[in-house]
Amino acid sequence: MKKLKQIHHAPAFVLLFLAEGPSYGLDLQKKMTELIPDSKIDCAAIYRSLKSLESDELVRPEWDTSDSGPAKKYYYITEKGLNKLSEFKKDIEAKIANLNLFLNRFQELNSEEINPHK
């Protein structure tokens, strides 16, 4: 069986974090790693998500050159991005409902002491 990816909703998490405040790619990846330790998401996936979100006008970039050192490209969520974030929420809620159905039905099987290896 093919190994499943650890994070399926990278764009949703990127929009969520940007709804909390503007950020740049590396910072978003650090947040993802800290808050979702099993995500195994790399910077490339974050930047692919940002590029896609930007092309769909869900985020807008802005260069920050105020600090010494290299400029940072900050991303801001747009109104369209906030609407998409609400769509992601509904989709995730539906997936959670399906997973809860699975878990509850599985629990019922276990409570009936069904052994699939008999």
Side-chain angles (χ1 to χ4, degrees):
M1 180 182 283
K2 190 176 179 181
K3 186 175 181 180
L4 298 175
K5 292 181 182 179
Q6 291 293 322
I7 185 139
H8 301 280
H9 291 90
F13 280 101
V14 168
L15 286 178
L16 179 66
F17 294 146
L18 292 177
E20 296 171 346
S23 193
Y24 55 96
L26 185 58
D27 189 47
L28 290 167
Q29 194 268 332
K30 287 178 185 176
K31 285 181 186 177
M32 193 85 66
T33 302
E34 290 171 8
L35 298 173
I36 313 165
D38 291 337
S39 70
K40 298 181 183 176
I41 194 163
D42 59 9
C43 278
I46 296 292
Y47 284 107
R48 281 192 303 274
S49 293
L50 286 166
K51 184 176 181 178
S52 175
L53 293 168
E54 183 180 350
S55 70
D56 292 339
E57 299 177 342
L58 303 175
V59 301
R60 68 173 174 79
E62 190 174 301
W63 286 98
D64 180 8
T65 57
S66 62
D67 291 336
S68 62
K72 290 182 181 168
K73 190 176 186 180
Y74 276 82
Y75 291 87
Y76 297 77
I77 192 167
T78 64
E79 190 68 33
K80 194 174 175 182
L82 290 170
N83 292 333
K84 184 64 175 179
L85 186 59
S86 292
E87 289 177 29
F88 278 132
K89 177 190 174 282
K90 290 175 187 171
D91 178 61
I92 290 169
E93 287 173 337
K95 285 178 173 48
I96 288 170
N98 291 339
L99 293 171
N100 280 330
L101 171 71
F102 176 89
L103 292 172
N104 291 334
R105 304 263 323 215
F106 184 82
Q107 185 62 39
E108 289 173 17
L109 286 174
N110 278 344
S111 66
E112 295 171 10
E113 297 185 32
I114 293 177
N115 185 349
H117 300 292
K118 282 187 178 182

Would you call Glu93 and Lys89 a salt bridge, using N to O less than 4.0 angstrom? yes

Contacts of Glu62 meeting side-chain contact (heavy atoms from CB on, under 4.5 Å) (sequence neighbours excluded), chain-then-number -> Arg60, Tyr76

Output for pair (Ile77 CD1, Leu58 CG), nearest 0.5 Å, gives 8.0 Å

Examine Lys84 relative to Phe88 and say whether NZ or CZ is less than 6.0 Å from the centre of the six-membered ring and inside a 45° cone about the ring axis. yes

How far does NZ of Lys80 sit from CG of Leu53, to the nearest 0.5 angstrom? 11.0 Å

Taking side-chain contact (heavy atoms from CB on, under 4.5 Å) as the test, write out the residues that go with Lys95, two or more places apart. His9, Asp91

Using only atom types and a distance under 3.5 Å, with no angle test, would you say the side chain of Ser52 pairs donor to acceptor with the backbone of Ser49? no

Review item, side-chain donor-acceptor pairs of residues 10-29, under 3.5 Å, at least two apart:
| residue | atom | partner | partner atom | Å |
| --- | --- | --- | --- | --- |
| Ser23 | OG | Asp27 | OD2 | 2.7 |
| Gln29 | NE2 | Thr33 | OG1 | 3.1 |
| Gln29 | NE2 | Ile41 | O | 3.2 |

Using 0.5 Å steps for rounding, measure from the NZ atom of Lys73 to the OH atom of Tyr47. 9.5 Å

Side chains of residues 63-71: which donor-acceptor pairs under 3.5 Å do they make with residues two or more places apart or in other chains?
| residue | atom | partner | partner atom | Å |
| --- | --- | --- | --- | --- |
| Asp64 | OD1 | Ser66 | N | 2.9 |
| Asp64 | OD1 | Ser66 | OG | 2.6 |

Test side-chain contact (heavy atoms from CB on, under 4.5 Å) applied to Ala44 - qualifying residues, sequence neighbours left out: Asp42, Arg48

I need the Lys30 NZ to Leu35 CG distance, nearest 0.5 Å. 13.5 Å

Would you please name every residue forming a side-chain contact (heavy atoms from CB on, under 4.5 Å) with Ile96, sequence neighbours left out? Ile92, Asn100

